[in-house]
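Read the structure below first, then the notes.
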Number of protein chains: 2
Amino acid sequence: MLRFDLLSTEGHARRGRLTLNHGVVETPIFMPVGTYGTVKGVLPQSLKDMGAQIILGNTFHLWLRPGLDVMAQFGGLHRFEGWDKPILTDSGGFQVWSLGGADGKGRKITEEGVRFASPVNGDKLLLTPEVSMQIQTVLNSDIVMQFDECTPWQTAGVLTTEAQARSSMELSRRWALRCKTEFERLGNPNALFGIVQGGMFENLRQESLDALVEMDFPGYAVGGVSVGEPKDEMLRIMAHTPHRLPAHKPRYLMGVGTPEDLVDGVACGVDMFDCVMPTRNARNGHLFTRYGDLRLRNARYKTDERPIDETCACHACATGISRAYLHHLDRCGEMLGPMLTSIHNLHYYLNLMREIREALDAGQFAAWRQRFAEDRARGV
Amino acid sequence: MLRFDLLSTEGHARRGRLTLNHGVVETPIFMPVGTYGTVKGVLPQSLKDMGAQIILGNTFHLWLRPGLDVMAQFGGLHRFEGWDKPILTDSGGFQVWSLGGADGKGRKITEEGVRFASPVNGDKLLLTPEVSMQIQTVLNSDIVMQFDECTPWQTAGVLTTEAQARSSMELSRRWALRCKTEFERLGNPNALFGIVQGGMFENLRQESLDALVEMDFPGYAVGGVSVGEPKDEMLRIMAHTPHRLPAHKPRYLMGVGTPEDLVDGVACGVDMFDCVMPTRNARNGHLFTRYGDLRLRNARYKTDERPIDETCACHACATGISRAYLHHLDRCGEMLGPMLTSIHNLHYYLNLMREIREALDAGQFAAWRQRFAEDRARGV
């Protein structure tokens with residue numbers, strides 16, 4: 001099931017509430033990414049403590065490891081990974097694209113689906129819209145994503161042409177219908193989202209959107225952004241597509257992005273975001289704060305006794321963990337470093353969305369957005 | 001300061017209470033190892049939650065990284081690593097030995113101290129009894145260990161002779177006196193322990209012990225065990241030395257060991273233990289439980305829905321984390337695996353010592369020990 005209540009709007013920005021089989025999600029929301037059934041380096045309890053409402057799982061990865069036999073035995077991903085709140089799973093389309101290599105030779109796309117070699121053991125695999133639905137049904141995720149072809153920005157250095165983007169979008173559109181048919185055949189009790197494609201071409205985005213809306217999905221995603229394109233290209237699509245989607249259905253911008261991208265996305269009418277950035281960057285010593293980003297590996301932090309951000313309430317900042325200690329842990333390759341920085345970055349992202357929701361509740365999003373930009377420019 | 005109250009005894013086994021500058025430690029106790037100012041993979045809060053009373057830091061490692069300037073700026077290790085309970089630091093002697101290589105050519109030992117190349121940047125370094133005391137004074141650890149030469153069991157495949165063990169023990173004895181002199185000159189307000197050496201030779205152990213007792217340290221350690229010797233050799237020294245130390249001073253068996261070793265050590269009159277085994281083995285999928293050890297990488301655990309140990313109250317077991325999930329995390333190289341298994345193993349060790357203290361309080365250590373052996377033999 002999926003119910004979406006649109007609580008208020010300010011320009012294109014929206015405050016909503018999503019009710020799913022495993023609970024309620026207040027939107028706009030950021031969803032931490034848990035590829036292999038774990039948000040990297042973070043205890044499930046820490047995720048709950050920092051107020052995560054919904055997390056992601058990756059269909060492609062979980063299909064390979066631990067495999068569907070284990071997933072079926074556990075009745076889905078929730079019990080397996082010890083997370084009783086909502087889960088969204090992607091469809092595997094993005095991974096098939098990203099694992100195909102820069103020249104795309106690592107996989108073969110046909111009308112039927114995608115053939116590729118398992119990166120784990122080399123097995124020849126075929127992922128189709130139907131298989132993706134079957135896997136996600138076993139995972140029992142609250143939100144299931146259609147299997148799509150993520151249209152690349154470029155392939156081996158050559159930009160995707162409009163004709164290529166159209167062909168790719170039309171394939172995704174046909175796969176959307178096959179996904180819907182299979183999802184219904186399986187009696188999946190959760191919610192299936194369609195994914196708008198069309199590359200960097202507004203006319204194709206509109207065509208894709210119209211076709212998917214015609215199919216009447218309970219929610220929609222905008223895919224094929226954050227795939228290497230310049231920032232202004234992403235912003236152009238972000239400004240074009242989300243607000244044209246049906247007002248009373250949730251909108252998910254896939255794989256985005258920086259704190260600024262999230263704020264821009266909300267202003268463009270997006271309700272849901274996911275990105276590996278907070279956790280991946282944490283592991284590389286790149287910390288997000290209210291007052292800008294902090295590169296922990298900079299030698300100046302070796303003796304800095306301050307917490308990452310004195311105004312932050314995350315476990316690391318609230319317990320007084322210093323920049324010097326985190327710098328030291330990073331330098332020594334100690335696990336505790338990414339554990340603490342992942343908590344901080346995820347807390348920052350989740351709290352950012354909390355602040356946005358509060359601003360929208362108060363009808364003060366525009367003013368909040370101005371202050372956000374000033375704070376971020378201040379510097380740590 | 002150090003105060004040791006001997007609360008009760010049962011045979012050689014002792015129940016005691018150690019009062020240090022940063023708090024009280026109930027003995028017998030296991031001390032988790034925090035080499036670089038972090039118990040690998042465990043949040044300080046988790047350590048507190050599982051009842052850790054005192055942790056270790058490594059003088060040698062912290063000297064190299066982050067270095068004494070940072071340590072001095074933070075007023076010692078406690079504030080730097082966010083741990084306000086007692087800390088014990090080793091002297092650097094063991095690391096100088098273990099980093100010397102199998103042939104010992106990586107360092108040069110003289111009467112003055114040990115010269116070696118920094119494993120971090122190749123700098124030529126000299127560690128002496130005086131330098132070790134100076135470093136540990138900056139670290140402000142509650143228990144400071146004397147700088148010693150850890151007598152090897154063998155060097156390049158050749159067993160240490162009695163003459164070599166005597167020469168080494170006598171050097172450590174002279175260094176003990178230099179440590180005491182320097183410790184007092186520095187006005188260090190904490191407690192300095194002497195370390196009994198002598199290799200596998202009871203007569204040398206007795207000589208070392210007598211000389212150190214003459215110097216009147218507030219506590220004593222037994223070093224030079226768990227250095228590659230056969231188990232029965234370790235047990236022979238464990239049976240010989242600890243109970244001969246002064247009854248009203250704490251006794252610390254360095255670097256030991258398995259759960260069985262700890263129980264045997266308590267029976268031999270040891271009050272304090274440390275070992276990397278619970279955390280290191282956790283990272284390799286080797287779990288300790290009441291009912292024996294569990295090798296997580298065994299394929300049989302792929303579908304095992306049970307927690308590591310249903311009778312365990314650690315965070316992983318209490319929240320129902322399954323063996324199958326832990327097996328999956330290990331297989332995928334996910335950080336959450338060692339995070340959860342380190343919590344489990346440390347909790348097991350700390351709880352084992354808690355049970356021993358309760359048994360001693362009840363005058364039931366012998367009966368408890370019998371049940372411990374039966375349970376451990378049962379199998380997981």
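Order of the sequence lines sets the chain letters (A, B, ...), proteins ahead of strands, with each chain counted from 1. Both backbone and side-chain heavy atoms feed into the values below; hydrogens, waters and symmetry mates do not. The structure presented is a predicted model; accordingly, all values stated were derived computationally and were not measured.
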Heavy-atom check, side chain of A/Tyr325 versus side chain of B/Thr38, under 4.5 Å
yes
Between B/Leu43, B/Leu64, B/Thr35, which residue shows the highest count of heavy-atom pairs closer than 4.5 Å to chain A?
B/Leu43
Between B/Arg331 and A/Arg65, what is the shortest heavy-atom contact and its length?
O-NH1, 3.5 Å
Backbone of A/Thr303 reached by a side-chain donor or acceptor of B/Gln73 within 3.5 Å
yes
NZ on A/Lys40 to CD on B/Glu334, rounded to 0.5 Å:
3.5 Å
Are the side chain of A/His328 and the backbone of B/Gly37 linked by a donor-acceptor contact shorter than 3.5 Å?
no
Output the option from A/Leu329, A/Val120, A/Val42, A/Val39 having the highest count of non-hydrogen pairs under 4.5 Å with chain B.
A/Val42
Within a reach of under 6.0 Å around CZ of B/Arg354, are more than 12 heavy atoms found that belong to other residues, nucleotides or ligands?
yes
Chain A heavy atoms under 4.5 Å from B/His61: which part of the residue, side chain, backbone, both or neither?
neither
Taking the side chain as everything from C-beta on, heavy atoms only, tell me whether B/Ile321 gets closer than 4.5 Å to A/Glu81.
no
Listed by number, the residues in residues 335-351 of chain A that come under 4.5 Å of chain B (heavy atom to heavy atom) are A/Met335, A/Leu336, A/Pro338, A/Met339, A/Leu340, A/Ile343
Taking all non-hydrogen atoms of both residues, which atom of B/Cys332 and which atom of A/Tyr36 are closest, and how far apart?
SG-CD2, 3.7 Å
